[in-house]
Amino acid sequence: QLDFAVELGCEFVVYPNAKVETVDDAVKLGCALRELSEKAIMRGLRFCYHNHDSEFKKTDDGLYLFDIIAENAGDICEFEFDIGWIKFAGADPYEFMRSYAGRTPLLHLRQIKDGEFCALAHGDIDLKSIISLGDRFGVEHYIVEFPSSVDALEDAENSAKFIKEL
C-alpha cells in the first residue's frame, strides 16, 4: 500500500486509529508505528498516526496512553491529531498540540458540544485558538470533519465559510 501511495504522488500516509486499552497495547502500537514510519520514509513518504479517544485514557501512573504510543513510535512518526476526539475523551487538545509541536503536520478539526459532534460553528472548542496554535507549531494542513447530515455539501460550504471568518 505504501508503494501505491508513492504512485499516487501522496506526501502523507495516515494510519487510522487503533483500539488501545492497556499500556501493553500502547507499547505494541508505538513499536508498529515506528516500523511503519521507517518504511514510509524509505519511500519518501511522511507517516502520521490519527487518534480517536481510547489513546487519551490515563494509566495508573497518570500517563496518557497516547504518550506511551508516541514514545515508542519515536520522533519519525508524526501525528494527525483529531481535536474532537481528544476533547471527547476529556483531555486537552491544546496540551497535546504543545507537547507534540513539530510532529503534527496535519490537524483534524472536529467540533463537539455536550458530548456530541456538531458543526464547526456550534461547538465548545475554540477553533480560532487551535488554528493559531497549529500555525505556530508547524501544522501544514487542516482537515475538516463534520457530523453526517442530510446535506453534506451545505455543511462543507458552511465549514469553509466559518474557518475563513476566524
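Worth saying up front: this structure is predicted, and the values here are computed from it rather than measured. Sequential numbering from 1 along the given sequence is applied to the chain's residues.
- Asp92 places none of its side-chain heavy atoms less than 4.5 Å from the side chain of Ile86.
- The closest side-chain heavy-atom distance from Cys48 to Arg103 is not below 4.5 Å.
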Atom pairs and distances, donor-acceptor, side-chain atoms in residues 9-17, under 3.5 Å, two or more places apart:
| from | atom 1 | to | atom 2 | distance (Å) |
| --- | --- | --- | --- | --- |
| Glu11 | OE2 | Arg46 | NH1 | 3.1 |
| Asn17 | OD1 | His52 | ND1 | 3.4 |
| Asn17 | ND2 | His52 | ND1 | 3.4 |

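- Side chains of Ile130 and Pro93 form a contact here, defined as non-hydrogen atoms less than 4.5 Å apart.
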Could you go step by step and tell me if Phe162 and Asn158 meet the side-chain contact (heavy atoms from CB on, under 4.5 Å) rule? CA-CA 6 Å; Phe162 174 76; Asn158 291 338; over 6 Å; no
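- Checked for salt-bridge contact, Lys39 and Glu35 meet the test: a charged N lies under 4.0 Å from a carboxylate O.
- The environment of CG in Leu153 is sparse: at most 12 heavy-atom neighbours from other residues, nucleotides or ligands sit within 6.0 Å.
- For the pair Met97 and Thr104, the minimum side-chain heavy-atom distance is 4.5 Å or more.
- Residues Leu106 and Val139 fail the side-chain proximity criterion, which asks for heavy atoms closer than 4.5 Å.
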Go through the steps to decide whether Phe47 and Glu78 satisfy the test side-chain contact (heavy atoms from CB on, under 4.5 Å), and finish with yes or no. CA-CA 6 Å; Phe47 184 87; Glu78 297 180 287; over 6 Å; no
side-chain contact (heavy atoms from CB on, under 4.5 Å) between Ile143 and Leu107, intermediate numbers included: CA-CA 6 Å; Ile143 297 133; Leu107 192 63; over 6 Å; no
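- Closest approach of Leu120 to Ser159, counting heavy atoms only: CD1-CB, 3.8 Å.
- Between the side chains of His108 and Glu145, at least one donor N or O sits under 3.5 Å from an acceptor N or O.
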Evaluate the side-chain contact (heavy atoms from CB on, under 4.5 Å) criterion for residues Leu127 and Gln111: first the C-alpha distance (whole Å), next the side-chain angles of each, then the deciding distance (0.1 Å), finally the verdict. CA-CA 8 Å; Leu127 292 178; Gln111 193 56 278; 3.5 Å; yes
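- Residues Tyr142 and Ile131 have side chains in contact (heavy-atom distance under 4.5 Å, counting atoms from C-beta outward).
- Annotation: the span from Glu71 atom CD to Cys77 atom SG amounts to 13.5 Å, rounded to 0.5 Å.
- Taking NZ of Lys57 as the start and OG1 of Thr22 as the end, the distance is 10.5 Å to the nearest 0.5 Å.
- The environment of Lys28 atom NZ is sparse: at most 12 non-hydrogen atoms of other residues, nucleotides or ligands sit within 6.0 angstrom.
- A heavy-atom distance below 4.5 Å is found between the side chains of Asn51 and Phe81.
- Under the 6.0 Å cut-off for aromatic ring centres, Phe56 and Phe66 qualify, their centroids lying closer than that.
- Salt bridge annotation for Asp3-Arg43: present, with a cationic side-chain nitrogen under 4.0 angstrom from a carboxylate oxygen.
- Atom-to-atom distance recorded for Leu36:CG and Leu29:CG is 9.0 Å, nearest 0.5 angstrom.
- When hydrophobic clusters are built by joining Ile, Leu, Val, Met, Phe, Trp and Tyr residues whose side-chain heavy atoms come closer than 4.5 Å, directly or via intermediates, Ile69 is grouped together with Val23.
- In the model, Glu55 has a side-chain atom that pairs as donor or acceptor with a side-chain atom of Tyr49 under 3.5 Å.
- Cation-pi geometry between Arg110 and Phe117 is satisfied (NZ or CZ under 6.0 Å from the ring centre, within 45° of the ring normal).
- In terms of modelled atom types and a separation under 3.5 Å, the side chain of Asp82 and the main chain of Gly84 share a donor-acceptor contact.
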Asp124 vs Lys87, salt bridge (charged side-chain N to carboxylate O under 4.0 Å, His left out): CA-CA, chis, key distance, verdict: CA-CA 9 Å; Asp124 296 328; Lys87 182 80 170 172; over 6 Å; no
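- Asp126 is linked by a side chain to side chain contact (heavy atoms under 4.5 Å, CB included) to Tyr94, Lys128, Ser129, counting only residues two or more places apart in sequence or in another chain.
- Note: Phe88 and Trp85 have perpendicular aromatic rings, judged against thresholds of 30 and 60 degrees for the angle between ring planes.
- If you look at Phe96 and Tyr64, their ring centroids are closer than 6.0 Å.
- The side-chain heavy atoms of Asn72 and Arg34, taken from C-beta on, include no pair separated by under 4.5 Å.
- Looking at residues two or more places apart in sequence or on another chain, you find a side chain to side chain contact (heavy atoms under 4.5 Å, CB included) between Glu21 and Lys19, Asp25.
- Among all heavy-atom pairs drawn from Phe79 and Ala70, the shortest one is CZ-CB, 3.7 Å.
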